[in-house]
Amino acid sequence: MKLFFKKYVNEVKNSKMFGKWYARVAITETVGIEEIALKMQDNCTVKRADILAVLSELGPTVRDLLQDSKRVKLPYLGAFKLAISTIGAESAEAFTTNNVKSVRVAFQPETRISADKHHVKELTSGCRLMELPEYGHAKSEDAENED
């Protein structure tokens, strides 16, 4: 498996990094629940239909648990919790739900300690980077976000 990247130049004229080259991940396609179920079926004895049934319930179940002030940990993936951004109040009594600006999902990837005592994120472990051979054949991140 390869994680493709594309090179780009910083074109922000007033930036100290103007003209410098960087890279970003190239998203080559979006995979949905059907493709995930088929891949999982190939890796275990559970059938696609059963996997689809479980995966279809995962989102609503995680949502319900998060909204019940729970932290949800999925092995090999990571942990999810809800976090809030707030506006300060002059006193505890003055603080109400009106002081909450937003609620967001916080994700902490699963990590393990390697033999050389470094923290390794499970989702990036063994990742091989490779420049995308032909930039015109993969959707750009901007095009991906427009869908």
TODO: May I ask whether Leu3 and Val31 are part of the same hydrophobic cluster, defined by side-chain heavy atoms of I, L, V, M, F, W, Y residues being less than 4.5 angstrom apart, directly or through others?
DONE: no
Open item on the list: Do Met130 and Leu123 land in one hydrophobic cluster if side-chain heavy atoms of ILVMFWY residues count as linked below 4.5 Å?
Closed with: no
Open item on the list: Same cluster or not: Leu65 versus Leu74, using hydrophobic residues (I, L, V, M, F, W, Y) connected whenever any side-chain heavy atoms lie under 4.5 Å apart?
Closed with: yes
Open item on the list: Given 3.5 Å as the limit, does a donor-acceptor pair link the side chain of Glu35 with the main chain of Gly32, or not?
Closed with: yes
TODO: Identify the heavy atoms of Ala89 and Ala94 that sit nearest to each other, and give their distance.
DONE: CB-C, 3.9 Å
Open item on the list: Is the shortest side-chain heavy-atom distance between Met40 and Val46 below 4.5 Å?
Closed with: no
Open item on the list: Rounded to the nearest 0.5 Å, what separates atom NE2 in His118 from atom CG in Asp116?
Closed with: 5.0 Å
- [ ] Would you verify whether the NZ or CZ of Arg24 falls within 45 degrees of the ring axis of Tyr8 while also being under 6.0 Å from that six-membered ring's centre?
- [x] yes
Open item on the list: What I want to find out is whether Lys6 reaches Glu131 closely enough, with some N-O distance under 4.0 Å, to be called a salt bridge.
Closed with: no
Task: Tyr76 atom OH: more than 12 heavy-atom contacts under 6.0 Å - done: no
TODO: Quick one: closest heavy-atom pair of Thr61 and Glu57, and the distance?
DONE: OG1-O, 2.7 Å
Task: Pairwise distance CZ(Arg104) to CD1(Ile84) - rounded to 0.5 angstrom - done: 9.0 Å
TODO: Would you kindly confirm whether Ile51 and Leu77 end up in one hydrophobic cluster when ILVMFWY residues are joined by side chain heavy atoms under 4.5 Å apart?
DONE: yes
Open item on the list: Run the ring-ring contact (aromatic ring centres under 6.0 Å, His included) test against Phe4 and tell me which residues pass, sequence neighbours left out.
Closed with: none
Task: Side chain to side chain, Glu34 and Leu52, heavy atoms closer than 4.5 Å - done: yes
- [ ] Could you go through the side-chain contact (heavy atoms from CB on, under 4.5 Å) check for Gln41 and Lys47 one step at a time?
- [x] CA-CA 6 Å; Gln41 175 181 262; Lys47 292 294 188 189; 3.8 Å; yes
Task: Pairwise side-chain contact, Asn99 with Thr96, heavy-atom cut-off 4.5 Å (strictly under) - done: yes
- [ ] Taking the side chain as every heavy atom from C-beta outward, state whether Leu132 and Thr28 have any atom pair closer than 4.5 Å.
- [x] yes
Task: Verify same cluster id: Val100, Val105 (apolar side-chain graph, 4.5 Å) - done: yes
- [ ] Check whether any side-chain heavy atom of Val9 sits under 4.5 Å from a side-chain heavy atom of Glu11, and report yes or no.
- [x] yes
Task: pair Arg112-Ser125: side-chain heavy atoms closer than 4.5 Å - done: yes
TODO: Grab the two heavy atoms, one from Phe5 and one from Ala23, that are nearest each other, plus how far apart they are.
DONE: CD1-CB, 3.5 Å
Open item on the list: How long is the straight-line distance from CZ of Phe18 back to NZ of Lys13, given to the nearest 0.5 Å?
Closed with: 4.5 Å
Open item on the list: Can you confirm whether His119 sits close enough to Ile113 that some side-chain heavy atom of one is under 4.5 Å from a side-chain heavy atom of the other?
Closed with: yes
Open item on the list: Minimum heavy-atom separation for Asn10 and Tyr22, please, with both atom names.
Closed with: CB-CE1, 4.0 Å
Task: Side-chain heavy atoms of Ile36 within contact of Leu55, under 4.5 Å - done: yes
TODO: Inspect the contact between Glu110 and Lys121 and indicate whether a charged nitrogen and a carboxylate oxygen are less than 4.0 angstrom apart.
DONE: no
Open item on the list: To the nearest 0.5 Å, what is the distance between CD on Glu122 and OG1 on Thr111?
Closed with: 9.0 Å
TODO: Give the intermediate values and the outcome of side-chain contact (heavy atoms from CB on, under 4.5 Å) for residues Gln108 and Arg71.
DONE: CA-CA 10 Å; Gln108 180 181 18; Arg71 182 173 179 259; 3.1 Å; yes
